[in-house]
2 protein chains.
Amino acid sequence: MASETEENYIKAIFKITEKNQGAANTNAIAAHLSTSAASVTDMLKRLSSKDYFHYEKYKGVYLTSKGIEMATQLIRKHRLWEVFLVDKLGFSWDQVHDIAEQLEHVDSDELIIKLDAYLGHPKYDPHGDPIPNAEGKFTLRNQVTLQSLEKNEKGTVVGVRENDTPFLQYLNHFNIKLGTKMQVLSHIDYDHSMKVLVDDTVELLLSHKACSNLFIKKTTL
Amino acid sequence: MASETEENYIKAIFKITEKNQGAANTNAIAAHLSTSAASVTDMLKRLSSKDYFHYEKYKGVYLTSKGIEMATQLIRKHRLWEVFLVDKLGFSWDQVHDIAEQLEHVDSDELIIKLDAYLGHPKYDPHGDPIPNAEGKFTLRNQVTLQSLEKNEKGTVVGVRENDTPFLQYLNHFNIKLGTKMQVLSHIDYDHSMKVLVDDTVELLLSHKACSNLFIKKTTL
DNA sequence: AATGATTTTTAGAGTACCCTAAATATTTAT
DNA sequence: ATAAATATTTAGGGTACTCTAAAAATCATT
């Protein structure tokens, strides 16, 4: 069985390669795990015998199918636990990341099978991120950023790009959550902020940054 | 924060001292943690600066109040998770120990507060062991072993002494669980086994070993 | 193609665990 | 009270991770 550290390396590599196409480089992994580049090189050399990834000096790493499988199962576990924490225990979406980060390393296949059933086989976590099924398949969704909507277009919030605490708390502050209805009132050219109508009732001005990080499912008019 | 290993040492010391009065000795700790006596000595020396226990060479260790507090909280977490696994996820009582052993190390006070509330502030775990409250207080109960009951005395099963898997599965086999009614029909002198009436319907012959490990709350006749 | 900036690796060392074998202390039995 | 048995510690070493500083390789710019 893989150690917690190993699991964290594999997950970091998965997330980096998923975002930037191509191999994950040493510095990126180090940044992701808040460790030094030297430690990463050391770890990659020691781990590379275990067939989770291909590593070539100075070229970075990419996962094998075994590594992808492992990363996917970790993401599955992380997101299922997040659903548990929010839906069952009553945590809010900005409080669950660190706890799920610990829970995802608990090793028991039966536990995940039963947890998944108990939660009703959820397809998305509290941030709208898809939960891979037991076979590792993600359910994708037609979604666009709020920023990309044209004037008068409507939709509902289905996810957030980065689920960092400050952004989630910013959204809490405006009472924006998954399922919140949005209609574009206008784009402000000056700073690319947007005026939107929230839940058919409240008019809000949202920054470009916020609008680029909110995922919307469009309502066909 | 204490490492998982440290936590396991403290818990082992607590359980040993609880059972055998007096200091926990090196070999007992080693046996409890499936490690070598030399490793235990090594660890005790390194850990003894942290004020969890008093250690004197060749004399064994006993916990300080800080150590007792830590052990108690770990037991609280372990038993709450066991309740979750059985009551909510549908595990049986013989399947939950190892999973709870991992879950108990997850570090979040808020998580335990919310989990406890979600479970309805249970006082006992699935094996009938008391769950200490947030202040570390155990709810004790009037209980005796089945073995100690006289002929014709009645009671209900409220716990098991050791919750090792084989014993729990043995009980499953006879459909004996917490809440099962027991009435003593006779003591067999030859091997100290007992003839009992289970749930007012089934007559069973139980071994001395089993009867000594079953806790009963007597019904006043 | 050479220089400078950046990235990555190597070298050397530290901590937190674990081990076996040997030495020493304590307990038990005579 | 001594010998034998048992319990504990010490000595020496191993693995999995971490680090900083220095060396080497790659990339970017002219």
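Labels below follow one simple rule: chain letters A, B, ... track the order of the sequence lines, proteins then strands, and each chain is numbered from 1. In this text, all values refer to a predicted model and were calculated from it rather than measured experimentally.
- Following rounding to the nearest Å, B:Met43 (CE) and C:dA16 (P) show an atom-to-atom distance of 9 Å.
- Side chain of A:Gln169 to backbone of A:Asp94: no donor-acceptor contact under 3.5 angstrom is found.
- Relative to the ring axis of B:Tyr118, B:Lys88 places its NZ or CZ within 45° and under 6.0 Å from the centre.
- Neither OP1 nor OP2 of D:dA23 sits under 4.0 Å from any side-chain N or O of A:Tyr58.
- Residue A:Lys59 places no side-chain N or O under 4.0 Å from the OP1 or OP2 atom of D:dT26.
- In this structure, A:Lys209 is not positioned above the aromatic face of A:Tyr170 in the sense of NZ or CZ being under 6.0 Å from the six-membered ring centre and within 45° of the axis.
- Contacts with DNA chain C (heavy atom under 4.0 Å) in residues 21-28 of chain A: A:Asn25, A:Thr26, A:Asn27, listed by number.
- Taking atom CD of residue A:Glu56 and atom C1' of nucleotide C:dT9, one finds them 14 Å apart after rounding to whole Å.
- Contact check on A:Glu101 versus A:Lys11 returns a salt bridge, with a Lys/Arg side-chain nitrogen under 4.0 Å from an Asp/Glu carboxylate oxygen.
- Across all non-hydrogen atoms, the minimal contact from A:Arg76 to A:Asp116 is NH2-OD2, 3.3 Å.
- In terms of position along DNA chain D, the nucleotide closest to B:Ala38 lies nearer the 5' end than the nucleotide closest to the other residue of the pair B:Ala38 and A:Asp42.
- For A:Ser193, the side chain to side chain donor-acceptor pair (under 3.5 Å) partners two or more places apart in sequence, or in a different chain, are A:Asp191.
- Atoms CG and CG, on A:Leu168 and A:Asn163 in that order, are 6.0 Å from each other to the nearest 0.5 Å.
- For the segment residues 44-52 of chain A, residues with any heavy atom less than 4.0 angstrom from an atom of DNA chain C are, sorted by number, A:Lys45.
- For the pair A:Thr35 and D:dC19, the criterion of a side-chain N or O lying under 4.0 Å from OP1 or OP2 is met.
- Put simply, the residue from B:Arg79, B:Glu162, B:His97, B:Glu82 that forms a side-chain hydrogen bond (donor to acceptor under 3.5 Å, both in side chains) with B:His127 is B:Glu82.
- Taking each heavy atom of A:Pro122 and A:Leu80 in turn, the nearest pair found is CG-CD2, 3.7 Å.
- A close approach under 4.0 Å does occur between a side-chain nitrogen or oxygen of B:Thr41 and OP1 or OP2 of D:dT9.
- The side chain of A:Lys57 places no N or O atom within less than 4.0 Å of a non-bridging phosphate oxygen (OP1 or OP2) of D:dT26.
- Summarising the geometry, the separation between CD1 on B:Ile29 and P on C:dC17 is reported as 15 Å, rounded to the nearest angstrom.
- Sorted by residue number, the list of members of residues 97-106 of chain A with any non-hydrogen atom under 4.0 Å from DNA chain C is empty.
- Distance NE2/B:His78 to CD/B:Gln73: 14.5 Å, rounded to 0.5 Å.
- The aromatic rings of B:His192 and B:His208 sit tilted, their planes meeting at an angle between 30° and 60°.
- Residue B:Ser36 has its side chain nearest to C:dT20 when only D:dC19, C:dT20, C:dT9 are considered.
- Between the side chains of A:Asp125 and A:Trp93, no donor-acceptor pair of N or O atoms lies under 3.5 Å.
- Within residues 2-19 of chain A, no residue places a heavy atom under 4.0 Å from DNA chain C.
- Annotation: cation-pi pair B:Arg141/B:Phe215 absent, no NZ/CZ under 6.0 Å from the ring centroid and within 45° of its normal.
- The aromatic rings of B:Tyr62 and B:His54 are tilted relative to each other, their planes meeting at an angle between 30° and 60°.
- Comment: B:Glu110 engages B:Lys114 in a salt bridge, judged by a side-chain N to carboxylate O separation of less than 4.0 angstrom.
- In this structure, the helix from C:dA1-D:dT30 to C:dT30-D:dA1 shows an angle of 10° between the axis at its start and the axis at its end, each fitted on 5 base pairs and rounded to 10°.
- In the displayed structure, A:Lys66 atom NZ is contacted under 6.0 Å by more than 12 heavy atoms of other residues, nucleotides or ligands.
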